[in-house]
Amino acid sequence: MPVLTQIHAHLLTRFLPISTLSFALSKIAAFCALSPLGDIHYARRVFSRIPNPNIFSWNSMIRGCSQIQNPSREPVYLFKRLVNRGYPCPNTFTIAFVLKACSNISAFEEGQQVHTRLLRSGFGSSQFVQTALVNFYAKCEMIGLAKMVFDEIPERNLVAWSTMISGYAKVGLVNEALDLFREMQKMGVEPDKVTLVSVISACAILGSLDIGRWVHAYMEKQMIDTDLELSTALVNMYAKCGCIERANKVFHEMPVKDTKAWSTMIVGFAINGLSDDALEAFARMEKAKVRPNHVTFVGVLSACAHGGLVSEGWRFWSRMLEYGIQPFMEHYSCMVDLLCRASFVDEACNLDFCMRSTCLVSMDRKYLERLINKFDWRTCNFEIGIK
């Protein structure tokens with residue numbers, strides 16, 4: 001950036017033709033907006049000073065503003081400014097970039113307006129735009145609309161197939177996701193890592209171990225490099241399908257393990273009733289200096305509940321608070337389960353009262369049943385839990 005600012009300053013001290021200056025500034029703005037080494041704030045300043053920004057400049061800013069860490073409606077506002085100016089005319093890249101921006105913030109109404117506009121402008125037949133539409137509707141969980149657009153694509157590329165499969169998996173339509181994956185194979189389209197993660201996740205939800213094993217074997221046969229996300233998906237699938245030994249093997253073969261990977265393994269041990277293994281994994285996670293998150297502690301507290309480890313459960317509860325993690329419904333539910341299993345009903349009711357006083361969340365059915373079934377009606381302490 002220091003060199004770029006010097007170039008920018010040099011340009012401003014020269015009496016260049018407007019067209020030349022606009023071209024040079026558009027390149028600077030594009031670099032600042034899109035490069036990992038750039039600066040979106042500087043890009044905005046440069047863009048605002050371009051005499052006549054062309055469509056390349058507008059596209060760069062719309063795309064750049066949609067890639068920031070905390071997405072906002074700025075790309076949508078930029079697109080509206082462009083349309084209101086009337087010049088230059090948006091192209092297929094503009095439409096695709098603004099649709100992606102809408103999908104990032106689930107701006108359904110704005111995305112539908114863009115869809116209507118592209119149909120009027122004749123860009124509806126562009127495969128690039130159609131794929132962006134599928135992604136937009138899938139991200140907004142309007143899976144029926146996503147499928148309608150998907151079915152209208154004459155020649156579907158890998159991105160379109162992957163987006164549709166991921167959309168199905170996201171909303172829990174796992175059978176549809178797997179059926180579409182089989183159809184994709186029949187069409188001779190080779191899946192990529194994104195597709196495989198979605199398929200493996202669908203297998204985990206459905207408990208389809210056979211298909212999950214086939215996908216894993218396919219990856220090994222095709223010598224597909226298993227990155228962090230793909231390996232974590234495999235660990236999750238094997239653990240949820242009850243094949244914890246295979247999950248542990250995949251986990252140990254991972255060269256790098258992040259918080260999500262450790263949490264997945266810990267939860268996997270917990271749901272398979274291996275409390276000691278879950279707590280040992282948590283100890284190794286801390287030793288590796290990987291910071292746990294709220295999912296990690298759901299696994300740890302669940303392991304304590306399955307093992308009847310009351311003192312350890314309170315210790316890990318305190319550890320969670322030390323990390324600055326605010327308890328969620330799942331954490332309270334695990335602790336109530338632990339205390340009720342050990343017949344500490346008064347403590348469980350007190351914890352429930354604290355939960356509703358601090359979190360302001362409602363109890364789910366299983367959680368309420370856990371309190372009622374464990375409560376001794378001969379005592380008069382139930383008021384503690386329902387004040």
Side-chain angles (χ1 to χ4, degrees), residues 201 204-205 228-229 231-254 256-345 347-356 358-359 361 363-364 366-367 369-371 374:
S201 299
I205 296 170
L228 186 59
E229 187 175 8
S231 296
T232 303
L234 283 170
V235 172
N236 180 57
M237 184 272 295
Y238 280 123
K240 287 186 176 177
C241 291
C243 195
I244 194 64
E245 297 85 1
R246 193 65 189 273
N248 199 20
K249 183 177 183 294
V250 173
F251 180 75
H252 278 294
E253 290 174 352
M254 294 173 65
V256 179
K257 304 175 183 71
D258 64 355
T259 300
K260 186 177 180 181
W262 280 102
S263 300
T264 302
M265 192 69 250
I266 291 169
V267 171
F269 281 133
I271 63 177
N272 283 276
L274 301 173
S275 302
D276 293 339
D277 295 286
L279 299 185
E280 181 186 347
F282 180 73
R284 287 190 282 117
M285 178 183 183
E286 287 195 307
K287 188 176 181 180
K289 300 189 183 305
V290 179
R291 184 180 178 83
N293 60 12
H294 69 282
V295 177
T296 317
F297 280 101
V298 169
V300 170
L301 295 174
S302 178
C304 292
H306 283 293
L309 307 173
V310 178
S311 59
E312 287 84 350
W314 282 120
R315 181 167 63 86
F316 286 119
W317 181 271
S318 299
R319 191 83 178 115
M320 178 177 67
L321 298 178
E322 288 174 7
Y323 275 109
I325 299 172
Q326 182 179 355
F328 290 161
M329 176 68 182
E330 294 81 2
H331 303 111
Y332 282 106
S333 184
C334 288
M335 283 301 295
V336 169
D337 187 23
L338 169 61
L339 295 170
C340 286
R341 285 172 187 254
S343 299
F344 292 104
V345 181
E347 289 84 344
C349 289
N350 279 318
L351 192 65
D352 159 60
F353 179 68
C354 290
M355 175 197 70
R356 289 185 290 112
T358 56
C359 295
V361 296
M363 295 180 289
D364 62 13
K366 290 183 179 179
Y367 179 83
E369 287 176 352
R370 201 173 291 132
L371 280 175
K374 291 291 183 178

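Side-chain contact check for Val290 versus Asp258: every heavy-atom pair is 4.5 Å or farther apart. The shortest distance between side-chain heavy atoms of Glu330 and Phe297 does not fall below 4.5 Å. Side-chain contact check for Ser302 versus Ile266: every heavy-atom pair is 4.5 Å or farther apart. Residues Met335 and Tyr332 fail the side-chain proximity criterion, which asks for heavy atoms closer than 4.5 Å. Residues Ile244 and Met265 form a side-chain contact, since some pair of their non-hydrogen atoms from C-beta on lies under 4.5 Å apart. Between Val295 and Lys260 there is no side-chain heavy-atom pair separated by less than 4.5 Å. You'll find the side chain of Asp277 stays beyond 4.5 Å of the side chain of Asn272, heavy atoms only. By the 4.5 Å heavy-atom criterion applied to side chains, Ser333 and Val298 are not counted as neighbours.
In this structure, Glu322 pairs ionically with Arg319, as a charged nitrogen and a carboxylate oxygen lie closer than 4.0 Å. The residues Glu245 and Lys249 are annotated as not salt-bridged, no charged nitrogen and carboxylate oxygen being separated by less than 4.0 angstrom.
Residues Leu228 and Ala261 come closest through the heavy atom pair CD1-CB, 4.4 Å.
Taken to the nearest 0.5 Å, the CG atom of Leu234 stands 10.0 Å off from the CD atom of Glu253.
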Verdict with supporting geometry, Arg291 and Thr296, side chain to side chain contact (heavy atoms under 4.5 Å, CB included) = CA-CA 9 Å; Arg291 184 180 178 83; Thr296 317; over 6 Å; no
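Between Trp317 and Trp314, the ring-plane angle classifies as perpendicular under the 30° and 60° cut-offs.
For Glu229, the CD atom sits in a loose shell: 12 or fewer heavy atoms of surrounding residues, nucleotides or ligands are nearer than 6.0 Å.
Without hydrogens or angle criteria, His331 side chain to Phe328 main chain gives a donor-acceptor distance under 3.5 Å.
Just one of Phe282, Phe269, Phe251 meets the ring pair (Phe, Tyr, Trp, His ring centres under 6.0 Å) condition when paired with Trp262; it is Phe251.
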